Amino acid sequence: KLLHDGCDDSIRPDPERRREDLERYSLDSMEMVGTLNRPGKEWGLIRMTAGPISGNVVKVQSGEYLGINHGQINSISAQQIEITTLVPDSKGCWERRTVYLTLAEG
């Protein structure tokens with residue numbers, strides 16, 4: 001359903017969802033450093049590059065949330081992690097944006 005200014009009400013953060021730890025940090029403070037595979041499971045490995053946990057490597061999975069813009073991991077491959085974020089636009093509506101964390105060189 002459409003709200004004010006023609007916003008699509010289906011595109012908005014869930015106010016009831018409990019925020020995850022990595023949602024306190026900007027995606028700019030994260031870099032992909034690899035993946036970890038087990039049968040039927042794949043994790044992305046992200047190194048924090050800023051903030052109080054700088055230098056820590058964190059394991060993430062599809063469906064988890066990270067970043068300050070309600071980012072949710074769609075998929076993880078050997079080269080990148082695809083994240084859908086929700087960003088407010090100039091009309092006060094929410095819009096989806098896809099962001100990629102790509103494997104850091106070296």
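Since this is a predicted model, take the numbers as computed values, not measurements.
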> When clusters are formed from ILVMFWY side-chain contacts under 4.5 Å, directly or step by step, what else is grouped with Met32?
Replying inline: Leu22, Tyr25, Leu27, Met30, Ile46, Met48, Ile53, Val58, Val60, Leu66, Ile73, Ile76, Ile81, Ile83, Val99, Leu101, Leu103
>> Applying side chain to side chain donor-acceptor pair (under 3.5 Å), can you list everything that pairs with Thr84, at least two apart in sequence or on another chain?
In response: Asn74
> Is the number of heavy atoms from other residues, nucleotides or ligands under 6.0 Å of Arg18 CZ greater than 12?
Replying inline: no
> Which residues satisfy the salt bridge (Lys or Arg N to Asp or Glu O under 4.0 Å) test with Glu82, sequence neighbours excluded?
Replying inline: none
>> Donor-acceptor pair, distance only, cut-off 3.5 Å: does the side chain of Ser54 make one with the backbone of Gly51?
In response: no
> side-chain contact (heavy atoms from CB on, under 4.5 Å) between Val87 and Asp89: does it pass, once the steps are laid out?
Replying inline: CA-CA 6 Å; Val87 184; Asp89 67 14; over 6 Å; no
> Tyr65 ring centre to Arg17 NZ or CZ under 6.0 Å, with the angle to the axis within 45°?
Replying inline: yes
>> Suppose we screen for salt bridge (Lys or Arg N to Asp or Glu O under 4.0 Å). Which residues come up paired with Arg96, at least two apart in sequence or across chains?
In response: none
>> So, using ring-ring contact (aromatic ring centres under 6.0 Å, His included) as the criterion, who are the partners of Trp43 when residues are at least two apart?
In response: none
> Is the backbone of Gly71 close enough, under 3.5 Å, to the side chain of Asn69 for a donor and an acceptor to pair up by distance?
Replying inline: no
>> Suppose clustering is done on Ile, Leu, Val, Met, Phe, Trp and Tyr with side-chain heavy atoms closer than 4.5 Å. Which residues sit in the same group as Trp94?
In response: Ile11, Leu86
> Would you say Thr49's side chain and Ser29's backbone share a donor-acceptor pair under 3.5 angstrom?
Replying inline: yes
>> Return the CG to CZ distance between Asp14 and Arg12, rounded to the nearest 0.5 Å.
In response: 7.5 Å
>> Going by side chain to side chain donor-acceptor pair (under 3.5 Å), name the residues that satisfy it together with Glu20, two or more places apart in sequence or in a different chain.
In response: none
>> Using the side-chain contact (heavy atoms from CB on, under 4.5 Å) criterion, which residues pair with Thr102? Sequence neighbours excluded.
In response: Gln80, Tyr100
> What residue pairs, at least two apart or across chains, pass salt bridge (charged side-chain N to carboxylate O under 4.0 Å, His left out) with a residue in residues 24-42?
Replying inline: Glu31-Arg47
>> Show me the pairs that pass salt bridge (charged side-chain N to carboxylate O under 4.0 Å, His left out) and involve residues 56-73, at least two apart or across chains.
In response: none
